[in-house]
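Chain letters run A, B, ... following the sequence lines, proteins first, then strands; residues in each count from 1.
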Amino acid sequence: IFTFSVLIDGCCKNKRVAKAHEIYSQMKAMKIQPNLFHVNSLIRAYLEESSFEDGLKVLEEAVDMGIANLFTYNSVLSWLCKNGRVTEALDLWDKMVSRGVAPSVVSYNNLILLYCKDKNMEAAFDTCSDMIRTGLNPSVHTYSVLIDGCFKNGETKLAFDVFNQMKLSGLVPSDVTLNTVINGLCKSGNSMEAKSWLEGPELGLVPVCLTYNSIIDGFVKEGNMDMATATFNEMTKNGVSPN
RNA sequence: ACCCAGC
């Protein structure tokens with residue numbers, strides 16, 4: 001069993017998914033129970049190369065063997081949500097729940113992301129309320145996804161409401177949250193305001209390449225080449241290398 | 001040990 005585990009993991013890490021699956025099948029043929037850790041990594045390897053169907057098959061087998069856990073489901077769910085496969089994602093969600101696996105905050109975050117991408121902010125917020133009703137607290141991830149969704153759907157005002165609500169709830173915005181806000185401002189024609197966020201170190205934001213990319217792109221789209229170049233200079237001055 | 005967000 002130990003030998004098999006090491007082999008599967010090695011194949012997955014080296015992108016030899018087919019080989020990994022071969023070994024996995026051998027184990028099954030020999031009636032050796034693959035362990036959860038390696039089933040999970042096999043599934044993720046499949047999803048990485050976008051063979052969702054294969055990943056799902058392994059998931060189903062893991063369920064049959066009674067070894068699928070929350071992480072196994074979340075891995076597949078995440079892939080579906082990122083790729084906007086609404087029907088399949090909701091399907092999987094129902095299956096998971098009916099099999100007695102309780103969704104975690106991570107599961108909910110995936111669903112919320114799905115709705116945001118689907119331009120259905122109402123459903124996204126409903127899902128968030130559902131989550132709170134089951135006793136789970138929104139995480140920094142949850143808020144970041146919602147904020148990003150609001151901006152991408154043109155709800156700038158709402159994005160800030162969510163942002164404020166996040167701070168009220170005692171959560172500290174992460175650098176991803178702040179970069180999300182900055183990017184949202186730039187995309188909605190408020191690059192000047194976005195840039196002013198860099199000056200508030202009390203926010204705790206250390207601008208990175210991505211931060212500058214958003215702002216420079218924003219200025220360029222607004223036709224403000226002076227500010228774009230100025231921002232670029234500031235970027236190099238601060239020791240951030242452009243990509 | 002393995003699952004979620006930003007250019």
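- In this entry the distance linking CG of A:Asn69 with P of B:C2 reads 12 Å, nearest Å.
- Atom OH in A:Tyr115 sits roughly 16 Å away from atom C1' in B:C4 (whole-Å rounding).
- In this entry the distance linking CD1 of A:Ile43 with P of B:C2 reads 16 Å, nearest Å.
- For the OP1/OP2 pair of B:C7 and a distance below 4.0 Å, the side-chain nitrogens and oxygens of A:Lys152 include at least one atom meeting the criterion.
- Atom C1' of nucleotide B:C2 and atom CG of A:Leu77 are separated by 15 Å, given to the nearest angstrom.
- Side-chain proximity of A:Asn110 to B:C7, B:C4, B:C2: nearest is B:C4.
- At a threshold of 4.0 angstrom between heavy atoms, the contacts of A:Ser214 are confined to the sugar-phosphate backbone, with no base atom among them.
- Residues A:Met96 and A:Ser107 are in side-chain contact: their nearest non-hydrogen atoms beyond the backbone lie under 4.5 Å apart.
- Only at 4.0 angstrom or more do the heavy atoms of residues 233-243 of chain A sit from any atom of RNA chain B, so none qualifies.
- Evaluation of the salt bridge (charged side-chain N to carboxylate O under 4.0 Å, His left out) rule for A:Arg85 yields A:Glu53, A:Glu88 as partners, not counting sequence neighbours.
- One can place NZ of A:Lys117 at 13 Å from P of B:C4, the figure rounded to the nearest angstrom.
- Taking a 4.0 Å limit (strictly below) on heavy-atom distances, residues 132-151 of chain A reaches RNA chain B at A:His141, A:Ser144, A:Val145, A:Asp148.
- Look at OH on A:Tyr108: it is 19 Å from P on B:C4, rounded to the nearest Å.
- Each of B:C2, B:A5, B:C7 was ranked by its minimum atom distance to the side chain of A:Leu210; first place goes to B:C7.
- We find that CE of A:Met121 is positioned 16 Å from P of B:A5, with the value rounded to whole Å.
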>> A:Glu49 vs A:Arg44, test: salt bridge (Lys or Arg N to Asp or Glu O under 4.0 Å). Steps then yes/no.
In response: CA-CA 9 Å; A:Glu49 58 166 44; A:Arg44 253 174 309 109; over 6 Å; no
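- Side chain of A:Asn213, nearest nucleotide from B:C7, B:C4, B:C3: B:C7.
- Remark: A:Asn40 CG to A:Thr72 OG1 distance equals 3.5 Å, nearest 0.5 Å.
- A straight line from CG of A:Leu59 to P of B:C2 spans 19 Å, rounded to a whole angstrom.
- Listed nucleotides: B:C4, B:C2, B:A5. Nearest to the side chain of A:Thr177: B:A5.
- Of the candidate nucleotides B:A5, B:C4, B:C7, B:C7 has the atom nearest to the side chain of A:Asn183.
- Minimum atom distance to the side chain of A:Val106 is reached by B:C3, of the listed B:C3, B:A5, B:C2.
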